[in-house]
Amino acid sequence: MKKFAMFFVVLAFFSFTLKPKPTLYLIGDSTVKAGQGKGENDMWGWGSVIGEKFDSTKINIENHAIGGRSSRTFLSEGRWEPILNKMQKGDFLIIQFGHNDDWAINDTIRARGSIKGIGLDSVEIDNLITKKHEVVHSFGWYISKYINEAKAKGVDVFVCSQVPFNKFEDGKVKRQEEYYPKWARQVAENNKANFIDLHEMSAKVYDTLGYDEVKSKFFTPKDNVHTNRAGAQLNAENVTLGIRNTKKSRLKKYLK
């Protein structure tokens, strides 16, 4: 009898130890992963450094963000479905779009914009770049799709408001009332996803420093959009803080 008991103890031990680690998936644009995520031209997205905040023995991180993509084109280019197919119950997803959504819906340069806001309105176009007929939806529609399809698989979802750029107005980082940070919050709340106001958290740090110091400390010489490693680490720290302050998510237990 003791042998049988020992057998089940050993079996339970190996079942526990062989249980696959959950995966944290990241989707977004170049402010989440610039280039190949290796600091080319001193450009870093926060998703390339946030792994430093997690215990890699307990969780995997896959950063699927890609430069130049909006909430719309990440879907229309077929990048979402392969990620969704890999997701398992108990995994996590962080979404951050907005910067590239604020472009033309249809032109010969990028054609990557989405309809502003979180409404259900749509527009049909013949895409001048892809040469395909396309139905374009709102920013909120696309984010809602990511949230709900991931949640349907048992994935815990976070939405981040877009990172702030080094753009000042009257001595503070420029905020806009009707803009992507607000819409990101609304769509997260409407779909019962976790929300991290990354835009405001990092903007408050920038406010204390001013344009010149923020530029020299956190941004590349190239522009006021893409952060250097220090800027990426600041944004990653704020994402981490947002995770810690989320009451119901299990993701915080995987942080160091």
Side-chain angles (χ1 to χ4, degrees), residues 21-69 71 74 79-80 83 86-88 90-100 143 146-147 150 155-166 180-181 184-185 188 193-206 214 217-220 225-256:
K21 294 186 289 185
T23 298
L24 168 60
Y25 294 93
L26 311 178
I27 63 173
D29 54 40
S30 60
T31 62
V32 184
K33 185 172 77 174
Q36 298 301 309
K38 299 178 181 178
E40 300 95 332
N41 299 315
D42 198 31
M43 291 169 55
W44 289 89
W46 60 260
S48 296
V49 299
I50 200 168
E52 300 167 3
K53 308 294 184 181
F54 285 90
D55 184 346
S56 62
T57 67
K58 296 180 179 178
I59 191 168
N60 298 313
I61 298 177
E62 292 190 14
N63 187 356
H64 293 276
I66 183 168
R69 272 58 182 187
S71 65
F74 195 88
R79 299 179 183 279
W80 170 242
I83 300 168
K86 291 173 63 178
M87 289 178 174
Q88 303 289 328
D91 287 338
F92 304 90
L93 171 67
I94 299 180
I95 305 165
Q96 187 223 278
F97 287 105
H99 168 51
N100 294 310
I143 302 299
Y146 298 137
I147 293 171
V155 175
D156 193 9
V157 183
F158 289 75
V159 177
C160 285
S161 55
Q162 68 180 68
V163 297
F165 303 147
N166 190 27
Y180 296 96
R185 177 189 293 276
N194 304 295
F195 177 68
I196 299 173
D197 197 353
L198 178 57
H199 184 275
E200 188 62 23
M201 294 167 76
S202 292
K204 284 181 177 178
V205 177
Y206 294 174
V214 168
K217 281 188 173 182
F218 299 129
F219 283 82
T220 68
V225 174
H226 297 98
T227 52
N228 57 22
R229 189 175 182 89
Q233 287 173 327
L234 171 65
N235 287 322
E237 287 169 5
N238 285 328
V239 173
T240 303
L241 180 59
I243 293 169
R244 290 192 192 280
N245 290 337
T246 303
K247 295 179 180 179
K248 295 182 179 180
S249 178
R250 296 177 297 104
L251 184 55
K252 67 180 71 177
K253 77 177 187 178
Y254 297 102
L255 292 167
K256 291 180 179 177

Distance col, row C160:SG vs M201:CE, nearest 0.5 angstrom, shows 9.0 Å
Using a 6.0 Å cut-off, check whether atom NZ of K58 has over 12 heavy atoms from anything other than its own residue. no
Go through N60 and L24 one step at a time and tell me if the side chain to side chain contact (heavy atoms under 4.5 Å, CB included) criterion holds. CA-CA 6 Å; N60 298 313; L24 168 60; over 6 Å; no
Ring centres under 6.0 Å, that's the criterion: do W80 and F74 meet it? no
Could you tell me which non-hydrogen atom of A203 sits nearest to which non-hydrogen atom of P164, and how far apart they are? N-CG, 3.7 Å
Would you say that L26 contacts F158 through its side chain, given a criterion of any heavy-atom pair below 4.5 Å between the two side chains? no
Atom of G90, atom of P22 and distance for their closest heavy-atom approach: O-CB, 3.5 Å
Keeping R69 on the side-chain end and G67 on the backbone end, is there a donor-acceptor pair under 3.5 Å? yes
Short side-chain donor-acceptor distance under 3.5 Å, T246 and N194: no
NZ of K256: more than 12 outside heavy atoms within 6.0 angstrom? yes
When you measure from the side chain of Y254 to the backbone N and O of T57, does any donor-acceptor pair fall under 3.5 Å? no
Is there a side-chain contact between T220 and N41, using heavy atoms and a 4.5 Å cut-off? no
Could you give me the CA-CA distance, side-chain angles and deciding distance for D55 and L255, then say whether side chain to side chain contact (heavy atoms under 4.5 Å, CB included) is met? CA-CA 6 Å; D55 184 346; L255 292 167; over 6 Å; no
Minimal non-hydrogen separation, S71 against I143, with atom names: CB-CD1, 3.9 Å
Rounded to the nearest 0.5 Å, how far does OH of Y206 lie from CZ of F218? 6.5 Å
Rounded to the nearest 0.5 Å, what separates atom CG in N245 from atom CD1 in I196? 9.0 Å
Enter the distance from K204:NZ to D197:CG here, rounded to the nearest 0.5 Å. 8.0 Å
How about T227 and V163: do any of their side-chain heavy atoms sit closer than 4.5 Å? no
Is the closest side-chain donor-acceptor distance between N63 and K33 under 3.5 Å? no
Under the side chain to side chain contact (heavy atoms under 4.5 Å, CB included) rule, what do T23 and I59 come out as? Steps first, then yes or no, please. CA-CA 6 Å; T23 298; I59 191 168; 5.9 Å; no
Compare every heavy atom of A150 with every heavy atom of M87, then report the nearest pair and how far apart it is. SD-CB, 4.1 Å
For a 4.5 angstrom cut-off between non-hydrogen side-chain atoms, does F92 reach I94? no
Could you go step by step and tell me if N238 and S202 meet the side chain to side chain donor-acceptor pair (under 3.5 Å) rule? CA-CA 7 Å; N238 285 328; S202 292; 2.9 Å; yes
Side-chain donor/acceptor of T240 to backbone N/O of A236, under 3.5 Å: yes
Is the shortest side-chain heavy-atom distance between Y146 and F97 below 4.5 Å? yes
L198 and W46: side chain to side chain contact (heavy atoms under 4.5 Å, CB included), yes or no, with the steps? CA-CA 11 Å; L198 178 57; W46 60 260; 3.7 Å; yes
With side chains defined as the heavy atoms from C-beta onward, is the minimum distance between E40 and K38 less than 4.5 Å? yes
Of all the heavy-atom pairs spanning S48 and G37, show the shortest one and how long it is. OG-CA, 3.4 Å
Mind checking the CD1-CG spacing from I147 to L93? Nearest 0.5 Å is all I need. 8.5 Å
Less than 4.5 Å apart, side chain to side chain, heavy atoms only: is that true for M43 and N228? no
Under the side-chain hydrogen bond (donor to acceptor under 3.5 Å, both in side chains) rule, collect the residues that match up with H226, sequence neighbours excluded. S30, D223
Answer yes or no: is there an ion pair linking E52 with R229, defined by an N-O contact shorter than 4.0 Å? yes
Does a donor on one side chain and an acceptor on the other come within less than 3.5 Å for D156 and S249? yes
Take Y180 and H199, measure what ring-ring contact (aromatic ring centres under 6.0 Å, His included) needs, and give me the verdict at the end. CA-CA 10 Å; Y180 296 96; H199 184 275; over 10 Å; no
Here the gap from N235 atom CG to Q233 atom CD, rounded to the nearest 0.5 Å, amounts to 10.5 Å
If you define the side chain from C-beta out and look only at heavy atoms, does anything of Q96 sit under 4.5 Å from T31? yes
